[in-house]
Amino acid sequence: MTLLIIIIVLALIFDYINGFHDAANAIATVVATKVLTPFQAVLWAAFFNFLAYWVFGFGVADTVAKTAHTMEINLVVILAGVIAAICWNLLTWWLGIPSSSSHTLIGGFAGAAVAHAIAVHGFSSYIGEDGVTHYWYEIVSWYKAGKDGGMPSGVLIIIAFIVLAPLLGALASYLISIWLLNASRKIIGPKIFTVALMIATVWLVSSLMVPYAEIDKPRFASHFWSVAFDPHNIKWFLVAFIILTVSLFCLIFSSLNLHQADKALKKMQLLSSAAFSLGHGGNDSQKVMGIIAAAVAVYIHTNPGVHMDSWLDVVLPNDDLGVKGIMPGWIPLACYSAIAAGTLSGGWKIVKTMGSKITKVTSFEGVAAETAGALTLYFTEHLKIPVSTTHTITGSIIGVGLTKRVSAVRWGVTVSLIWAWILTIPISAILAGLVYFVLSVFIS
C-alpha cells in the first residue's frame with residue numbers, strides 16, 4: 001500500500017509539473033499580443049484548466065491506463081514510468097523546449113513495462129495467465145482495433161498523432177485564418193458561407209446530443225439540466241459556441257475599422273484561450289487519472305483478496321466484458337486541481353518560445369490558432385486519443401504563420417521542436433527502463 005500511495009503522490013506531482021510546463025500552450029498568444037499580463041493570463045488559464053473537471057469524461061484516462069497490460073506488470077513499472085516522465089519534463093522545461101508531457105508519460109509507462117517483461121521473461125516466449133504464448137514486446141498495447149469499426153487505440157495510434165495532431169491544428173488554423181481574412185472584405189460570398197456554416201453547426205451538434213434516456217448517471221433531477229451538463233453534450237455545446245461566436249464576428253468584420261476590429265479580436269482571444277485551456281485541462285489531467293487507475297488495478301491484481309477502501313475503489317472499464325469503469329470523485333478533482341496549480345506557477349521560458357520564436361503573433365493570429373487548437377483537442381478527446389497540447393498549439397501557430405508567407409515561420413526553431421517531439425517517447429522509454437532496473441534492485 002505504501003508504494004501505491006507514493007505512486008499516487010508522484011503522479012499528482014507530475015500533473016503539477018505538467019501544468020507549469022504546458023502553461024505556455026494556453027497563454028503564450030494572449031501574452032504575446034498583450035491582451036493579458038502574464039499574471040492575468042495564468043490565472044485565466046488555471047481557472048479553465050480546473051473548470052474542465054465538469055466538462056470532460058474519462059475516455060483518455062482509460063486509454064492511458066491500458067498503455068501496458070496491467071495484469072502483467074507490477075507497481076515498480078508504474079513508479080519507474082512516472083519518475084522518468086518527471087525527469088524529462090523538468091529537463092525540457094529548464095531548456096525551454098515545449099515537449100509533450102503526454103508523450104513522456106506514455107513513453108515512460110511503455111518503456112518500464114518492456115523492461116519488466118525482459119527482466120522477468122527474457123527475450124524468449126512465455127505462457128501467460130490466459131494460457132496463450134506471448135513475447136516480451138506484447139506487454140505494451142501497441143494496437144487494438146476499434147469496436148464496431150470505431151477508432152483504434154494503442155501506443156502506435158498515439159505515436160501517429162505526434163504528426164497528425166499538429167497537422168490537424170495547422171490545417172484548422174490555416175482555414176480559420178483564410179475564413180477571417182475573406183470575412184474582412186466587403187463582399188457577399190464570405191457572409192453566405194458563414195451563414196451556411198452556422199446552420200450546419202447547429203444541425204450537426206443537435207444531432208450529436210445524447211438524450212436523457214441514454215445518460216447513465218444524470219447529474220440533476222431536471223431532464224433539461226442533466227442533458228445540458230452531460231460531459232458528452234457539454235463538449236458539443238462548446239464546439240457550437242466557439243464556431244457560432246467566430247461566425248457572428250465574421251458577419252460584422254467587414255463593417256469594422258482597423259481599431260474596432262483589433263479591439264474585438266482581443267476580446268475574442270479571451271474566449272479562444274479559455275476554450276484551449278479547457279481542452280488542455282481535460283486532455284492532460286486525464287492522463288494522470290489513467291496512471292492512478294492503472295496503479296490501483298495492478299495493486300489489486302498483485303495482492304489478491306485485498307480489501308480496498310472506498311476512496312481507492314477504481315475499476316478499469318472493459319468493453320468486451322461490458323464492465324463499466326469506476327473512478328472515485330477525489331481522483332479527477334485532485335488531478336484537475338494539480339494541473340491548475342501548476343499553470344498558476346507559470347512556465348515563462350516556454351512562453352517565450354511559443355509566443356514569439358515560431359512566428360510573430362497578433363490578435364488575429366491568436367484567435368485563429370487558439371480556436372483551431374481547442375477544436376482539435378475536443379475532437380481528439382472525443383476519440384479518446386491522448387494527444388499533445390504542445391504539438392497541437394504549435395501546429396496551429398505554424399498554420400496561421402503560413403497564411404502570411406512560408407518564410408513567416410521560423411523553420412529553424414520549428415525543426416528543433418519537431419526533433420524534441422520525435423525523441424520524447426524513445427528517450428522517456430529508455431530512461432524509464434533504466435529507472436526500472438535500478439528500482440528493482442531495492443524494491444522486490
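Along the sequence shown, the residues carry numbers beginning at 1. Computed from a predicted structure; not experimentally measured.
Applying side-chain hydrogen bond (donor to acceptor under 3.5 Å, both in side chains) to Ser101 and the options Asn18, Asp284, Thr389, Thr92 leaves one that passes, Asn18.
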Ser173 and Ser396: side chain to side chain donor-acceptor pair (under 3.5 Å), yes or no, with the steps? CA-CA 5 Å; Ser173 64; Ser396 299; 4.7 Å; no

Test Ser337 against Trp330 for side chain to side chain contact (heavy atoms under 4.5 Å, CB included), laying out the working first. CA-CA 10 Å; Ser337 299; Trp330 74 267; over 6 Å; no

In sequence, state the C-alpha distance, the side-chain angles, and the governing distance for Trp179 and Phe193, and then conclude on side chain to side chain contact (heavy atoms under 4.5 Å, CB included). CA-CA 9 Å; Trp179 176 30; Phe193 170 80; 3.7 Å; yes

* Are Phe109 and Val140 close enough, and set up right, to give a side chain to side chain contact (heavy atoms under 4.5 Å, CB included), and what steps lead you there? -> CA-CA 9 Å; Phe109 194 4; Val140 173; over 6 Å; no

Q: Would you sort out whether Tyr436 and Leu79 count as a side chain to side chain contact (heavy atoms under 4.5 Å, CB included), showing the intermediate values?
A: CA-CA 8 Å; Tyr436 170 80; Leu79 178 61; over 6 Å; no

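Rounding to the nearest 0.5 angstrom, the gap separating the OG1 atom in Thr392 from the CD1 atom in Ile397 is 11.0 Å. Atom-to-atom distance recorded for Tyr53:OH and Leu278:CG is 15.0 Å, nearest 0.5 angstrom. Atoms OG and CG, from Ser247 and Leu197 in turn, are 4.5 Å apart once rounded to the nearest 0.5 Å. For the atom pair Gln269 CD and Thr371 OG1, the distance stands at 9.0 Å (nearest 0.5 Å). Between atom CD1 of residue Ile291 and atom CD1 of residue Ile7 there is a gap of 9.5 Å, rounded to the nearest 0.5 Å.
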Show which side-chain atoms of residues 206-215 pair as donor or acceptor with protein atoms under 3.5 Å away, not counting sequence neighbours.
from	atom 1	to	atom 2	distance (Å)
Ser206	OG	Val202	O	2.9
Ser206	OG	Trp203	O	2.8
Ser207	OG	Trp203	O	3.3
Ser207	OG	Leu204	O	2.6

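Counted by atom type alone, Trp44 and Ser273 present one or more donor-acceptor pairs between their side chains at under 3.5 Å.
Residues meeting the ring pair (Phe, Tyr, Trp, His ring centres under 6.0 Å) test with Phe249, sequence neighbours left out: Phe253. Scanning for ring pair (Phe, Tyr, Trp, His ring centres under 6.0 Å) contacts around Phe379 gives an empty result, with sequence neighbours left out.
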